[in-house]
Structure formats: structure tokens, C-alpha cells
Amino acid sequence: MASLMEMKEIFRNADAVCFDVDSTVIREEGIDELAKFCGVGDAVAEMTRRAMGGTVTFKAALTARLGLIRPSYEQVQKLISDNPPQLTPGIRELVNRLQQRGVQVFLVSGGFQSIVEHVALQLNIPTANVFANRLKFYFNGEYAGFDETQPTAESGGKGKVITHLKEQFHFKKVVMIGDGATDMEACPPADCFIGFGGNVIRKQVKEKAKWYITHFDELLKELEER
């Protein structure tokens, strides 16, 4: 296992950095916000807590939560326009700095493509660099399920995305940054995992992550040291 010093070296020399989105790049959990917007906030927030703690499989939790919410296409669009996701302080500067250094930045999320693409737009991240779950709708806009073939729809999916990126782009060093159990389990194949607790602290991640930060400024400083 890499030491903290070695992890910092990997981060400073990374070819690609993958960020989780909910409670990492943005302050909220997108699915909880959608649930609140659709009037089933409390029930879904409890399911999210269980999923994040790693006690149920991600796909089972996602299926159950979406089965409760049943969001229409119109509701999803209205959520984005009325309550746009709030960027976490420092993330814009960090992404800019990484991109200036020629590092590829990806958003790898168990959240929803439409919301994550909106976030990517704000951060000048190409939509081709977004890996997230796709909601499906009937022709009249009613909820029709989600695309279960997306790797991010199941536990271990973020690791599959990183493996795919390494194979496609021949990245030597890939860093994963996130707040939850699904982010931590993506290392390996990620070469380094950085736990983030700036919006919410997940006990399991805080205890097990060798490198744990609560503000993105800590990573900006790390890049300046080189």
C-alpha cells in the first residue's frame, strides 16, 4: 500500500483525476434533491444513507429510491432550472489548475447524467468525460426506469469506468476523489484514492482513507508545491 507521501506524488503526477459528484463536486446529493422536489425526501434520504454506508448494493438502493421518486422528464428539468446544483467551494479552481497542467478531468457519478452534465458545463469539463446514470422516460415524459447497462448503476461500477479509461487512453496514474464507499472501492484500479469530507463525513471513508481532506484548497496547495 502506498504511503501518504507516495500518494501525494501520484496526485502531483496524475494523467487523470476522476471526481465523484454528489457531496464532492457539488454540495448536495442529487437524488435526495430530486426526491425532495418530488415530495418523498425523507424516505429517500434514509435509503441514501444506507447506500453510502455500504450496507446495501448500489443498484438495489438506486432501484428502490427511483421506484419511490418516479421522476418525470419535466420534473428533472425543472429541478435543474429552479434549484441548480451548488458547486463545492474550491472545486472550480482545482479543476482549472488540473486542466492547465494537461490533466484529464472526469466526473464519475452514481447520480444522473442530465444533472451531472449541467455540473460539467459549469466546470468546462467535456460531456464526453461524464460517466453517470441515465434515466429513461416514456414518450409522454413519465418515468420509465434507468439504464441498467451503465457501469455506474452498480457497486464496483466506478472501478470499471477507471479500468476502461486506462485501457482507452493508456493513463499510467489515475486518482479517484470522493466522499463515499463506492468511490473508495474504485482504488484499485485507481492508483490513489483521496477521501473528501467537505460536505458530509462518511465514517467508514474517514477511518479507512489514508489521505482524507475537507477542503479542495489542500489539493491546490499540493499542486503548487511542485
Side-chain angles (χ1 to χ4, degrees), residues 18-80 83-85 106-120 127 129-138 141-165 176-187 189-190 193 195-196 199-200 202-205:
C18 297
F19 288 92
D20 169 51
V21 177
D22 294 337
S23 296
T24 301
V25 167
I26 62 173
R27 306 195 73 143
E28 318 89 342
E29 284 289 322
I31 195 162
D32 288 351
E33 295 305 305
L34 186 57
K36 275 186 232 164
F37 197 74
C38 297
V40 287
D42 291 346
V44 170
E46 180 52 38
M47 286 183 179
T48 298
R49 273 195 291 278
R50 289 209 300 274
M52 279 297 179
T55 52
V56 290
T57 69
F58 185 80
K59 187 181 261 185
L62 186 61
T63 304
R65 289 179 291 177
L66 282 171
L68 263 179
I69 304 169
R70 304 195 64 77
S72 67
Y73 177 80
E74 189 184 346
Q75 283 172 318
V76 174
Q77 297 309 311
K78 194 159 169 48
L79 171 71
I80 294 169
N83 301 305
F106 295 87
L107 299 180
V108 185
S109 172
F112 307 122
Q113 188 88 13
S114 48
I115 296 174
V116 178
E117 284 185 352
H118 177 82
V119 174
T127 52
N129 289 17
V130 169
F131 293 85
N133 288 315
R134 294 175 186 273
L135 294 171
K136 297 198 289 196
F137 303 98
Y138 292 112
E142 284 180 11
Y143 175 68
F146 64 96
D147 182 355
E148 297 192 23
T149 66
Q150 293 296 317
T152 48
E154 55 191 317
S155 301
K158 292 182 181 182
K160 286 181 186 161
V161 170
I162 290 171
T163 298
H164 161 74
L165 292 176
M176 180 74 210
I177 301 173
D179 68 292
T182 58
D183 307 309
M184 189 162 59
E185 71 182 12
C187 180
F193 168 68
F196 182 73
N199 293 311
V200 62
R202 317 271 180 208
K203 186 168 176 279
Q204 179 191 8
V205 177

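These numbers come from a predicted model, not from an experiment.
More than 12 heavy atoms of other residues, nucleotides or ligands sit less than 6.0 Å from atom CZ of F37. Heavy atoms from other residues, nucleotides or ligands lying under 6.0 Å from CD of Q77 number more than 12.
Considering NZ of K59 and CG of N133, their distance stands at 9.5 Å, rounded to 0.5 Å. Here CD of E142 is found 10.0 Å from CD of Q75. Values are rounded to the nearest 0.5 Å. With rounding to the nearest 0.5 Å, the separation of CG in L135 from CD1 in I115 is 7.5 Å. Between the CE atom in M176 and the CD atom in E185 there is a gap of 10.0 Å [rounded to 0.5 Å]. Here CZ of R65 is found 7.0 Å from CG of D32. Values are rounded to the nearest 0.5 Å. Distance NZ/K36 to CD1/I31: 12.5 Å, rounded to 0.5 Å.
By the salt bridge (Lys or Arg N to Asp or Glu O under 4.0 Å) test, K136 pairs with no residue at all, sequence neighbours left out.
Considering every non-hydrogen atom in both V116 and G111, the closest pair reads CG2-C, 4.4 Å. Here the closest heavy-atom approach between residue L34 and residue V76 is recorded as CD1-CG2, 4.2 Å. For the residue pair H118 and I80, the shortest heavy atom distance occurs at ND1-CG2, 3.6 Å. The two atoms that bring G178 and F193 nearest to each other are O-CZ, 3.5 Å, heavy atoms only. Closest approach of L79 and E33 over heavy atoms only: CD1-O, 4.0 Å. Taking all atoms of both residues into account, the shortest heavy-atom contact from L62 to G110 is CD1-O, 4.5 Å.
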*Let me see the working for E29 and D179 under side chain to side chain contact (heavy atoms under 4.5 Å, CB included), right down to the final yes or no.*
CA-CA 11 Å; E29 284 289 322; D179 68 292; 4.2 Å; yes
_D20 and F196: CA distance, side-chain angles, deciding distance, side chain to side chain contact (heavy atoms under 4.5 Å, CB included) verdict_ = CA-CA 10 Å; D20 169 51; F196 182 73; over 6 Å; no
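Of the residues C18, P151, S109, the one that meets the side chain to side chain contact (heavy atoms under 4.5 Å, CB included) test with V161 is P151.
Between F131 and F106, the ring-plane angle classifies as tilted under the 30° and 60° cut-offs.
Contact of the R70 side chain with the C38 side chain is not registered, since no non-hydrogen atoms from C-beta on lie closer than 4.5 Å. Side-chain contact check for L66 versus F146: some heavy-atom pair is nearer than 4.5 Å.
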